[in-house]
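What follows is a single structure, written as structure tokens, with notes after it.
Computed from a predicted model, the values in this text were never measured in an experiment. Here is how names work: the chains are called A, B, and so on, in the same order as the sequence lines, proteins then strands, and each is numbered from 1.
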There are 4 protein chains.
Amino acid sequence: MTIKSLFEYQIQNLFGGAYKYMVQRKGSLKERQRQEREQYILQAAEEIMLEKGYHHTSMDEIADRVGIAKGTLYLHFTRKEELAYALVEPKLNMFLESVQQARAYNGTAQEKLIYLLEKEMSGAFFQFMLRSDPDLASVFKAQQQRIDGLIAEIFGGIGKILDEGKEAGLFDRELPNEMMAFQFINMFDPHLYLKMVEQQQMSKETFIRHVAKVYLRGIER
Amino acid sequence: MTIKSLFEYQIQNLFGGAYKYMVQRKGSLKERQRQEREQYILQAAEEIMLEKGYHHTSMDEIADRVGIAKGTLYLHFTRKEELAYALVEPKLNMFLESVQQARAYNGTAQEKLIYLLEKEMSGAFFQFMLRSDPDLASVFKAQQQRIDGLIAEIFGGIGKILDEGKEAGLFDRELPNEMMAFQFINMFDPHLYLKMVEQQQMSKETFIRHVAKVYLRGIER
Amino acid sequence: MTIKSLFEYQIQNLFGGAYKYMVQRKGSLKERQRQEREQYILQAAEEIMLEKGYHHTSMDEIADRVGIAKGTLYLHFTRKEELAYALVEPKLNMFLESVQQARAYNGTAQEKLIYLLEKEMSGAFFQFMLRSDPDLASVFKAQQQRIDGLIAEIFGGIGKILDEGKEAGLFDRELPNEMMAFQFINMFDPHLYLKMVEQQQMSKETFIRHVAKVYLRGIER
Amino acid sequence: MTIKSLFEYQIQNLFGGAYKYMVQRKGSLKERQRQEREQYILQAAEEIMLEKGYHHTSMDEIADRVGIAKGTLYLHFTRKEELAYALVEPKLNMFLESVQQARAYNGTAQEKLIYLLEKEMSGAFFQFMLRSDPDLASVFKAQQQRIDGLIAEIFGGIGKILDEGKEAGLFDRELPNEMMAFQFINMFDPHLYLKMVEQQQMSKETFIRHVAKVYLRGIER
DNA sequence: CATGAATGAGGATTCATTCAT
DNA sequence: CATGAATGAATCCTCATTCAT
């Protein structure tokens, strides 16, 4: 086995709920209802897959939960695999967008990373990254390349910020960007978040502050 | 939906090959052969599941690889799920053992953590954690509790070391143990390891040194 | 099991394109357009079924090719099966017509058969019989009787010509009409035609001459 | 669409019951029972496919008729398509064998053809060719080549006999072998046989005599 | 009438598990 | 005990047909 993606673990965690941002192709009622139903399908699929895992989630059950016929699912997603992909992809895109905003943020490299942490830890990406289905990672075939591309872009963006910090003498030059970026991403660990914020009643702000502190201290020159 | 385990990610990574340490219940030839066969089964299952994922690994293929009849598998493991569990559990136990050795190690809290990093990054736990099957995590049901118990013990052990460090004024008292332990465990990220050591030709020692530096700096007072 | 039709093979081969001969029931524009659309549907259905076979031809694809909605198909044909029947029936009718013309042809029984061979081997019937969908034969249920009726008429007509020839002392009296008629029909074997004329570059005229020679010699007194 | 095989029509007709000739790999009871069951499966498949056509025959129904579980079918035939192929192939092989015996038969070319007619019209090939499923022809993919190969051999064998007859001055030299062979094969038309022998109470011998007469007269010099 | 979205029955195939030998 | 043949539940996907708009 080869690790399909440097970032496999996170990929698994990325699906979830920011469907509202999808563009409607037509303003017609029909089209709006179609879009709405697609959201319900995605929600149902997400819920069930998170509970049971991809392989134990049947198209039947998804359709049942949404209250539509099985065949209707296939009007929206040609394959079960496509449905799963539609769950994952927008989350990655949103994260990439945040990375780009962080790069454009007016401040030091450290501030940029904190900005990114804050933005994504509060955003849809992270909220839904919280509950992931590890099963999913073994599913994508045709889409793996597209996913890998997105991940590479995300890593690249973070790398640029790290370079900036190294040039400014803020970050330890000995550490390879790749490792630093990887560990940064690991800060978004949803299980840790769950444990601390939801179960231990730590505030989200405190959580982010702690995470930022550990990470930034860890990499500083 | 409930998160099956705080530690889901690691669970996935824990299975792998140190079956030889299992205790033989009887010295009889029959029993010894039985034990031996069980190891072969576990090895075969591990190999195939790592290559194809849990759900795409069939009992047929495992039996074939071992060279026994499919029915014989069921003399060892009542269910496919049990077989998977038998893959994961010893790895967790070994890790727990290492944690206990680290605690007993003669040195500062920091040295203990470095000891643990070095031990496990070179040990069977980590070696096999490297190539994990994300599929697995969605499988356990009956066994989840037992796994959670082991994980709690591991966390507890690391927490004791962290407490020691805090009392000695080495570690940041503001950070909760749980978070610190979690992030320590995240240092074992197999994807990062693969990326850096296997693909980028970084030596294992350098990798561990970097990881330790970032982590220990991050949590120091 | 019952053989659906004595003449199953030929049935399969009979559909094809002479829809233009269908009578329009009304002269109204609407009705004319309706008729026209029906022809397009039949053409499209024929094309696709010949390419893919009945069972692999979907109503969707037919509608798409015509450029109408799937539902509209059902305004013309209540079932897929009916559509297929509408493909086959006119070919049989045309053949029957040719048989009747052959009977009325001014000449010996032999000349009548040659007339029929020439007419149909050049006609729409045969042209489209050339490329048939064997799938079709397993489809008809309700319509089987109607088809059987047409076939019986065709056989009857050929039988009359054969009787004529026997009475004139031209044909072997020992051979039953049914067998002779059957073998005559077999002369229209589209696979043989394809093989000889299209693949081996034999001229259509030579082909007909050979076929007529073998058949007429075979049955002569 | 291109005609997949010169001989497509006949292919469809060739499946049926001479399974008893299959070689048993082991003499064990188990293996014998396995073979026996395979025959039952083939019989059931044949019966149902002849009644309903390939596409309307479900694996469920075949299993039901045999009285085994659906999964058991797949121990014998990996795909529905394979099952169909297993129905067709032995018939072609037997026919080919008969052709070779006819070539070796001690007599004139005409007598050889008569020998072949008699042998096959009484043999399993023809008996089961009687009831064919035209649906089948649209099914084979992987196997089409093998089938085409067999057919080419059959045609080649018949062609040799025809050459012999031409050289001996018995057959019309103007007629191409291919056409003659094709028309000879058409003499085996199962629908004609059914009509004459089963429905019209003609004896098999008379039927063969008539067929031979028409064909041999037709092609004679 | 025309549309095409929605339906859901139907069917092939897989594979964990059982059990007679 | 060991076997591996037999099972049948489970599941994805297709597509003819219906019907609200």
Side-chain angles (χ1 to χ4, degrees), chain A residues 28-31 33-34 37 55-64 66-83, chain B residues 30-31 33-34 37 54-64 66-84, chain C residues 30-31 33-34 37 54-64 66-83, chain D residues 28-31 33-34 37 54-64 66-83:
Chain A
S28 74
L29 176 60
K30 273 239 170 138
E31 182 54 22
Q33 287 179 332
R34 189 195 142 82
R37 193 178 51 194
H55 284 96
H56 294 113
T57 297
S58 73
M59 295 300 265
D60 275 272
E61 191 176 354
I62 297 171
D64 278 357
V66 179
I68 59 178
K70 200 181 345 183
T72 307
L73 283 186
Y74 287 86
L75 297 178
H76 290 269
F77 305 99
T78 53
R79 316 174 53 77
K80 193 184 178 187
E81 189 186 332
E82 289 289 340
L83 173 49
Chain B
K30 272 243 166 136
E31 181 55 21
Q33 287 180 332
R34 188 194 142 82
R37 192 175 55 193
Y54 176 83
H55 284 96
H56 295 111
T57 297
S58 70
M59 296 300 264
D60 270 279
E61 193 174 356
I62 296 171
D64 277 359
V66 178
I68 58 176
K70 193 169 21 169
T72 308
L73 289 183
Y74 287 83
L75 298 177
H76 291 268
F77 306 100
T78 56
R79 316 176 55 75
K80 191 185 180 187
E81 192 186 331
E82 288 289 341
L83 172 49
Chain C
K30 270 244 168 137
E31 181 54 21
Q33 287 179 332
R34 190 194 141 80
R37 191 174 55 192
Y54 176 83
H55 285 97
H56 295 111
T57 297
S58 71
M59 296 300 265
D60 270 278
E61 192 174 355
I62 297 171
D64 277 359
V66 178
I68 60 176
K70 191 168 23 167
T72 308
L73 289 183
Y74 287 84
L75 298 176
H76 290 267
F77 306 99
T78 56
R79 315 177 55 78
K80 191 186 180 187
E81 191 186 329
E82 289 289 342
L83 172 49
Chain D
S28 74
L29 176 61
K30 272 238 168 137
E31 182 55 22
Q33 287 179 332
R34 187 194 143 81
R37 193 178 51 196
Y54 176 83
H55 283 96
H56 293 113
T57 297
S58 72
M59 294 299 265
D60 275 271
E61 192 175 354
I62 297 172
D64 277 358
V66 179
I68 59 177
K70 199 180 345 182
T72 307
L73 283 186
Y74 287 86
L75 297 178
H76 290 267
F77 305 100
T78 55
R79 316 175 53 76
K80 193 185 178 189
E81 189 186 332
E82 289 289 340
L83 173 49

Checklist outcome for this item: Between B:Ser58 and D:Asp60, the residue closer to the 5' end of DNA chain E by nearest nucleotide is D:Asp60
Checklist entry - Toward the 5' end of DNA chain E, which comes first, B:Thr78 or A:Leu75, by nearest nucleotide? => result A:Leu75
Would you mind reading off the distance between [X] atom [atom1] and [N] atom [atom2], rounded to a whole angstrom?
{"X": "A:Phe77", "N": "E:dA5", "atom1": "CZ", "atom2": "P", "result": "16 Å"}
{"X": "B:Ile62", "N": "F:dG4", "atom1": "CD1", "atom2": "C1'", "result": "16 Å"}
{"X": "B:Asp64", "N": "E:dC15", "atom1": "CG", "atom2": "P", "result": "13 Å"}
{"X": "D:His56", "N": "F:dC15", "atom1": "NE2", "atom2": "P", "result": "13 Å"}
{"X": "D:Gln33", "N": "E:dA20", "atom1": "CD", "atom2": "P", "result": "15 Å"}
{"X": "D:Leu73", "N": "F:dA6", "atom1": "CG", "atom2": "P", "result": "11 Å"}
{"X": "D:Ile68", "N": "F:dA5", "atom1": "CD1", "atom2": "C1'", "result": "11 Å"}

Checklist outcome for this item: The residue, D:Gly67 or A:Arg79, whose nearest nucleotide of DNA chain F is more 5′ is D:Gly67
Next on the checklist: Pick the closest DNA chain F nucleotide for B:His76 and for C:Glu81 by heavy atoms, then say which residue is nearer the 5' end.
Outcome noted: B:His76
Next on the checklist: Taking only side-chain N and O atoms of C:Arg37, does any of them lie within less than 4.0 angstrom of OP1 or OP2 on E:dA2?
Outcome noted: yes
Checklist entry - For E:dA2, does either OP1 or OP2 sit under 4.0 Å from a side-chain N or O belonging to C:Arg34? => result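 Negative; the distance criterion is not met.
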Checklist entry - Would you say the base of E:dT17 and the side-chain of B:Lys80 have a donor-acceptor pair closer than 3.5 Å? => result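 Not at all, since no donor on one side and acceptor on the other fall under 3.5 Å apart.
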Next on the checklist: Can you say whether a donor on the side chain of A:Lys70 sits under 3.5 Å from an acceptor on the base of E:dG10, or the other way round?
Outcome noted: yes
Mate of [N] where both pairing distances stay under 3.5 Å, Watson-Crick or G-U:
{"N": "F:dC1", "value": "none"}
{"N": "F:dA9", "value": "E:dT14"}
{"N": "F:dA16", "value": "E:dT7"}

Item to check | NE2 on A:His76 to CD on A:Glu82, rounded to 0.5 Å | outcome: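 Between atom CD of A:Glu82 and atom NE2 of A:His76 there are 14.0 Å.
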Next on the checklist: Working to the nearest 0.5 angstrom, can you tell me the gap between A:Lys70 NZ and A:Ser58 OG?
Outcome noted: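 A:Lys70 NZ to A:Ser58 OG: 8.5 Å, rounded to 0.5 Å.
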Checklist entry - Any idea which of E:dA16, E:dA2, F:dC12 is nearest the B:Met59 side chain? => result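 The answer is E:dA16.
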Checklist entry - Which nucleotide sits closest to the side chain of A:Tyr74: F:dC13, F:dT3, E:dT14? => result F:dC13
Item to check | Non-hydrogen atoms of B:Met59 and B:Leu73 that approach each other most closely | outcome: O-CD1, 3.3 Å
Checklist entry - Closest approach of C:Lys80 and C:Tyr54, non-hydrogen atoms and distance? => result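 Shortest heavy-atom contact: NZ-O, 3.0 Å.
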Next on the checklist: Below 30° counts as parallel, above 60° as perpendicular, anything between as tilted: where do the rings of C:His55 and D:His55 land?
Outcome noted: parallel
